[in-house]
Amino acid sequence: MGYAELYKAAQEDPEAFWLDQARAIDWITPPDRALFDRGENLYEWYADAQVNGCYNAVDRHVEGGRADQAAIIYDSPITGQKQTITFAELQTRTARLAGALVAQGVEKGDRVIIYMPMVPEAIEAMLACARIGAVHSVVFGGFAANELAVRIDDCTPKAVIAASCGLEPNRTVAYKPLLDGAIEMATHKPDACIILQRPEHPCELGPRDVEWHAAIAQGTPADCVPVAGNHPAYILYTSGTTGAPKGVVRHTAGHLVALNWTMKNIYQVDPGEVFWAASDVGWVVGHSYIAYGPLIAGNTTVVFEGKPVGTPDAGTFWRVISEHNVRSFFTAPTAIRAVKREDPKGLEIAKYDLSGLRALYLAGERADPDTIIWAQETLGVPVYDHWWQTETGYTIAGNPAGLEALPVKIGSPTVPMPGYDVQILDEGGNRMAPGELGAIAIKLPLPPGTLPTLWNAEDRFRKSYLTTFPGYYETGDAGMIDEDGYLYIMARTDDVINVAGHRLSTGAMEEVLAGHPDVAECAVIGVSDALKGQAPVGFVCLTNGVNRPHDEITAECVKRVRDQIGPVAAFKLAVVVDRLPKTRSGKILRATMVKIADSQEFKLPATIDDPAILDEIRTALKSIGLAQS
Ligand code: COA
Ligand code: AMP
C-alpha cells in the first residue's frame, strides 16, 4: 500500500486500521476495541487492553533474539565518555532501578519526576517507571528551580530521580541545589530522591536523598506489571499562554502503537538499525525518539551529551553518525543552522563516511529553506521537515519516506499522517479553500498516542484545544494546504514562541517581569533570530516615580527571567519604554511590535489608540540593535 491508500484506510475505518497496527505490540491482554468514545469530544485508545511499556521497549527484544544488540549508545563529547548498553544489560539495569523505586514506596500510578542530563540513566529512569506502572514526568535541565517547583506541585511526585549535575560546554549545572530549592519552594514534598552522583560534580546528600547504587541495593529487581491501555505512561509539561505549564498526558497503549508505526514508515529504520535524535530527554522529541520509539521498534538509540558546535567542533554530528552507523538522524533546524554558521562549506562533513545515513529529519520549529537546501547539498541525503507538537507526541504532517517517499516541497512538512484529518479553518470554523491561510485544526478524534487530556486539568484541556472549533483539536498553529494536499505551517496563533526549537511562553516571561517592583506594565515578543529562529525581547514601563538607571533595571529583568524560568528562555534583551502600543480596547499590539523589530512592512492596525507610540517602540528597538533597516 502507498501513502494515499493507507491514509484513506485509516480515515475510512480507523477501528480496523489501528487494531491492525496494534498487532506489532506485545500485549498481556490484546485490545478488543481500538477507539473508546468517552463523550463530549473526549477519546481514548485501546482502553480495554493490558500491556507494559518497558516490556515492549526492552524485555521483548531480549526474549526475541536481540539480547546482545546495542540498545543505547551513549556518546558524550563533553566528558569524552562512550558506552554501549545491550538490550540484556538494559533489562537488568532497568529492573534494578524499578526495584529501587519500589523499595522507596513507589507504586503503580504514583508519579515520579525525573530531572536528569543526557546520560543513559535518564532513559533507564523513564523505563523503570514504565516497568512498574509509575507515571514519569521528565523536567528539562535548563529550567530554573521555580519551574521545577511548579511541576512538583502539579503532579505531586512520590519520588524524584535526579543526577548531581548536568554539563553544559561552558559550565557545570549543579542540579542538586536546584532540586533542593524547588522542593523547598513547593507545597508538595516527595518522599525520596534517588540521586545519580556524577564524578564531574558530586553533591551532598540530605535526609530525603538516596544515592543511586545504594537505592538499588535496597531493592530487588522488579518485573513488568500489567497496566491498562489508558494508563498514563507520562506527563510532560509544555508552555501555554500563561505561566502555568500544561501537563500533557500520554496514555500507554496508544503511544506504543503509534511510535512503533513511525519508526519504519516515517524514519525508514528496520529493527537492529541505529536511529539518532539529537535532542534532550526533557522534550517530547526526547521522549518519543531518544527513549521510547527506537527501543520499542528494536532499534539502537543514541544518547548524545553535547551540542552541535563547540563540543568540540562543527563536525561532532557527522562524527557520531559515521562512528555509530546512524541510519536516520533527527534534529532541530536551529542545530543545523549552528553547524552551517561555523562550517558553511561543510568541510567537516567531508571528513567522515556518512554513506550509511539515509535521511535527515527536522522538526521543532519552522525549517527555513536556506537550512534545508544547505543540508541537502552538503549531506547528499533527503532532508525531511515534519511538523508535530508535544501534545501529539509524533508527526502530524511529514513525509512517509519508509512507506513511500513523496516529493519534497521546500517550506512544507508534506502531508498528514494516517489518522490526522488536518483542516484549515477560518475564524468562524469554516473550511478554507486550498492556498488560503487560516487556523490549523484536526478533526476529532485524534489518532492513538496523542494527548487524551491535561493532567488534573480537563477544563483547561477543553478550553485550550476543543472550544474554539467544536469537533476539532485546535493546534495553535496557522497555515494552509495547497492543491496537492501539502501543508504549510506559517505562525502560531497564540503567545507561544519558539527559541532554538524550544517552545516558550511570552506570557510566562511577562508574568516574571511584572513581578519586578519597578515594573508597572510589560510585554514580551519573539523577534526573528538568525540562529535560534526567534528570540524573546522584553519591553517594560516603569512605575511612576522610579528614577533608577534603566540599564540596571533591564539587567535585573534579564536575571529574573533566568532565575525564575531558566537559561533555556534565552531572555537577554529588555528595554524601558514610556508606553506600550495598544488598541483602543487596551490590547497590546504585540504582532505589530514584532514587525517593527524585524523591519517588516505592516499595516497600521485600524484600532490603534495612538500611532505615535510605534515610533517610540522603533527607537527603543534600535537602541538594542534591532529594527535596523
Ligand atoms: N541544562 C542546563 N542548561 C541548559 C541546558 C540543560 N540541559 N540546555 C541548554 N541550557 C542553557 C544553555 O547553556 C544556555 O545557557 P547560557 O545562556 O548560559 O549560554 C541556555 O540554556 C540556552 O540554551 P540553548 O537555547 O540550547 O542555546 P545554546 O547556546 O546552548 O545552543 C544551539 C544553541 C542552537 C546549538 C542549541 O540551541 C541546540 O542545539 N538546540 C537544539 C534544539 C533542540 O534540541 N530542540 C529540541 C526539539 S528537537
Ligand atoms: P513542541 O510542543 O515544543 O514540539 O512545539 C510545537 C510547536 O513547534 C508547533 O505547534 C509549531 O508551532 C512548532 N513546530 C514544530 N515543528 C514544526 C515544523 N516542522 N514547522 C513549523 N513549525 C513547527
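Computed from a predicted structure; not experimentally measured. Both counts, for ligands and for their atoms, begin at 1 and track the order of listing. Just the heavy atoms: all of them, side chains too, but no hydrogens, waters or symmetry mates, feed the values below.
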**OP:** Tell me which protein heavy atom sits closest to atom 20 (C) of ligand 1, plus the residue, atom name and distance to 0.1 Å.
**Re:** Pro567 O, 3.3 Å
Subject >> Closest approach of any protein heavy atom to atom 6 (C) of ligand 2, naming residue and atom >> reply: Trp388 O, 3.5 Å
Original post:
Hey, are Thr395 and Tyr420 close enough side-chain-wise for a donor-acceptor pair under 3.5 Å?
Top reply: no
Original post:
atom 42 (C) of ligand 1: which protein heavy atom is closest, and how many Å away?
Top reply: Ala500 O, 3.2 Å
Original post:
Which part of Phe140 is near ligand 1, with near meaning a heavy atom under 4.0 Å away: side chain, backbone, both or neither?
Top reply: side chain
Original post:
Does some non-hydrogen atom of Pro413 fall short of 4.0 Å from ligand 2?
Top reply: no
Original post:
For ligand 2, which atoms have a heavy atom of Thr390 less than 4.0 angstrom away?
Top reply: 1 (P), 2 (O), 3 (O), 4 (O)
Original post:
Quick one: does Asp280's side chain have a donor or acceptor within less than 3.5 Å of a partner on Trp283's backbone?
Top reply: no
Original post:
Is the Tyr289-Tyr267 ring centre distance short of 6.0 angstrom?
Top reply: yes
Subject >> Residue among Phe317, Phe275, Tyr384 satisfying ring-ring contact (aromatic ring centres under 6.0 Å, His included) with Phe329 >> reply: Phe317
Original post:
Nearest protein heavy-atom contact for atom 18 (O) of ligand 1: which residue, which atom, what distance?
Top reply: Arg562 NH2, 2.9 Å
**OP:** Specify the closest pair of heavy atoms between Gly393 and Ser288, including all atoms of both residues, with the distance to one decimal.
**Re:** O-OG, 2.7 Å
Original post:
Can you check whether Thr334 has an N/O within less than 3.5 Å of an N/O in ligand 1?
Top reply: no
Original post:
Looking only at protein heavy atoms, which one is nearest to atom 5 (C) of ligand 1, and how far off is it?
Top reply: Glu168 OE2, 3.4 Å
**OP:** Ignoring angles and geometry beyond distance, decide whether Thr475 reaches within less than 3.5 Å of ligand 2 through its nitrogen or oxygen atoms.
**Re:** no
Original post:
Is the backbone N or O of Pro344 less than 3.5 Å from a side-chain atom of Trp374, with the two atoms forming a donor-acceptor pair by type?
Top reply: yes
**OP:** Kindly say whether the aromatic ring centers of Trp455 and Tyr237 come within a distance under 6.0 Å.
**Re:** no
**OP:** Would you mind checking which non-hydrogen protein atom is closest to atom 16 (N) of ligand 2, with the distance to 0.1 Å?
**Re:** Gly364 N, 3.1 Å
Original post:
In terms of residue, atom name and distance, what is the protein heavy atom nearest to atom 47 (C) of ligand 1?
Top reply: Gly501 O, 3.7 Å
Original post:
How about atom 32 (C) of ligand 1: does it have a protein heavy atom within less than 4.0 Å?
Top reply: no
Original post:
Would you say the ring centroid of His502 lies under 6.0 angstrom from that of Phe143?
Top reply: no
Original post:
Taking heavy atoms and a distance under 4.0 Å, where does Trp283 meet ligand 2: side chain, backbone, both or neither?
Top reply: neither
Original post:
Is a donor on one side and an acceptor on the other found under 3.5 Å between the side chain of Thr311 and the backbone of Pro77?
Top reply: no
Original post:
Thr331 to ligand 1: N or O pair under 3.5 Å?
Top reply: no
**OP:** Number the atoms of ligand 1 from 1 as they appear, then name those within less than 4.0 Å of a heavy atom of Gly141, with their elements.
**Re:** 1 (N), 2 (C), 6 (C)
Original post:
Does atom 36 (C) of ligand 1 have a protein heavy-atom neighbour under 4.0 Å away?
Top reply: no
Original post:
Between Arg198 and Glu305, does at least one N-O distance fall below 4.0 Å, as a salt bridge requires?
Top reply: yes
**OP:** Enumerate the atoms of ligand 1 whose separation from the nearest heavy atom of Val173 is less than 4.0 angstrom.
**Re:** 2 (C)
**OP:** Within a distance under 4.0 Å of any heavy atom of Trp283, pick out the atoms of ligand 1 and give their elements.
**Re:** 46 (C)
**OP:** Considering only non-hydrogen protein atoms, determine which one is nearest to atom 18 (C) of ligand 2 and report residue, atom name and distance to 0.1 Å.
**Re:** Glu365 O, 3.2 Å
Original post:
With a cut-off of 4.0 Å, which atoms of ligand 1 are near a heavy atom of Ser279?
Top reply: 44 (O), 46 (C), 47 (C), 48 (S)
Subject >> Flag, side chain of Thr238 to backbone of Lys246, donor-acceptor distance under 3.5 Å >> reply: no
**OP:** Using a 4.0 Å heavy-atom cut-off, say whether His502 meets ligand 1 through its side chain, its backbone, both or neither.
**Re:** side chain
**OP:** Using a strict 4.0 Å threshold on nitrogen-to-oxygen distance, state whether Lys559 and Glu556 make a salt bridge.
**Re:** no
Subject >> Subset of ligand 2 atoms that lie under 4.0 Å from at least one heavy atom of Asn498 >> reply: 8 (O), 13 (C)
Original post:
Do Tyr74 and Glu121 meet the criterion of a side-chain donor-acceptor pair at a distance under 3.5 Å?
Top reply: no
**OP:** Could you tell me which atoms of ligand 2, counted from 1 in the order shown, lie closer than 4.0 angstrom to a heavy atom of His386?
**Re:** 16 (N), 18 (C), 19 (N)
Original post:
Who's the nearest protein heavy-atom neighbour of atom 10 (O) of ligand 2, and how far?
Top reply: Asp477 OD2, 2.5 Å
**OP:** Please could you name the atoms of ligand 1 that Gly142 approaches to less than 4.0 Å, counting only its heavy atoms?
**Re:** 1 (N), 2 (C), 3 (N), 4 (C), 5 (C), 6 (C), 7 (N)
Subject >> Student check: side-chain heavy atoms of Tyr115 and Leu178 closer than 4.5 Å >> reply: yes
Original post:
Is ligand 1 less than 4.0 angstrom away from at least one heavy atom of Arg337?
Top reply: no
Subject >> pair Trp388-Val284: side-chain heavy atoms closer than 4.5 Å >> reply: yes
Original post:
Side chains of Gln389 and Tyr473: do they bring a donor and an acceptor to under 3.5 Å?
Top reply: yes
**OP:** Answer with yes or no whether the side chains of Arg319 and Tyr352 bring together a donor and an acceptor at under 3.5 Å.
**Re:** no
Original post:
Nearest protein heavy-atom contact for atom 30 (O) of ligand 1: which residue, which atom, what distance?
Top reply: Lys307 NZ, 3.0 Å
Subject >> Atoms of ligand 2, numbered as shown, that sit under 4.0 Å from any heavy atom of Asp385 >> reply: 18 (C), 19 (N)
Original post:
Does ligand 1 have an atom that lies less than 4.0 angstrom from a heavy atom of Arg171?
Top reply: yes
Original post:
Hey, which atoms in ligand 1 end up nearer than 4.0 Å to a heavy atom of Val568?
Top reply: 21 (O)
Original post:
So which bit of Lys532 gets within less than 4.0 Å of ligand 1, heavy atoms only: side chain, backbone, both or neither?
Top reply: side chain
Original post:
Arg503 to ligand 2: N or O pair under 3.5 Å?
Top reply: yes
**OP:** List the closest protein heavy-atom neighbour of atom 19 (O) of ligand 1: residue, atom name, distance to the nearest 0.1 Å.
**Re:** Asn170 ND2, 3.9 Å
**OP:** Could you see which bit of Lys572 sits under 4.0 Å from ligand 1, with heavy atoms only: side chain, backbone, both or neither?
**Re:** side chain
Original post:
Any N or O of Ile489 that comes nearer than 3.5 Å to an N or O of ligand 2?
Top reply: no
Subject >> Part of Pro308 within contact of ligand 1 (heavy atoms, under 4.0 Å) >> reply: side chain
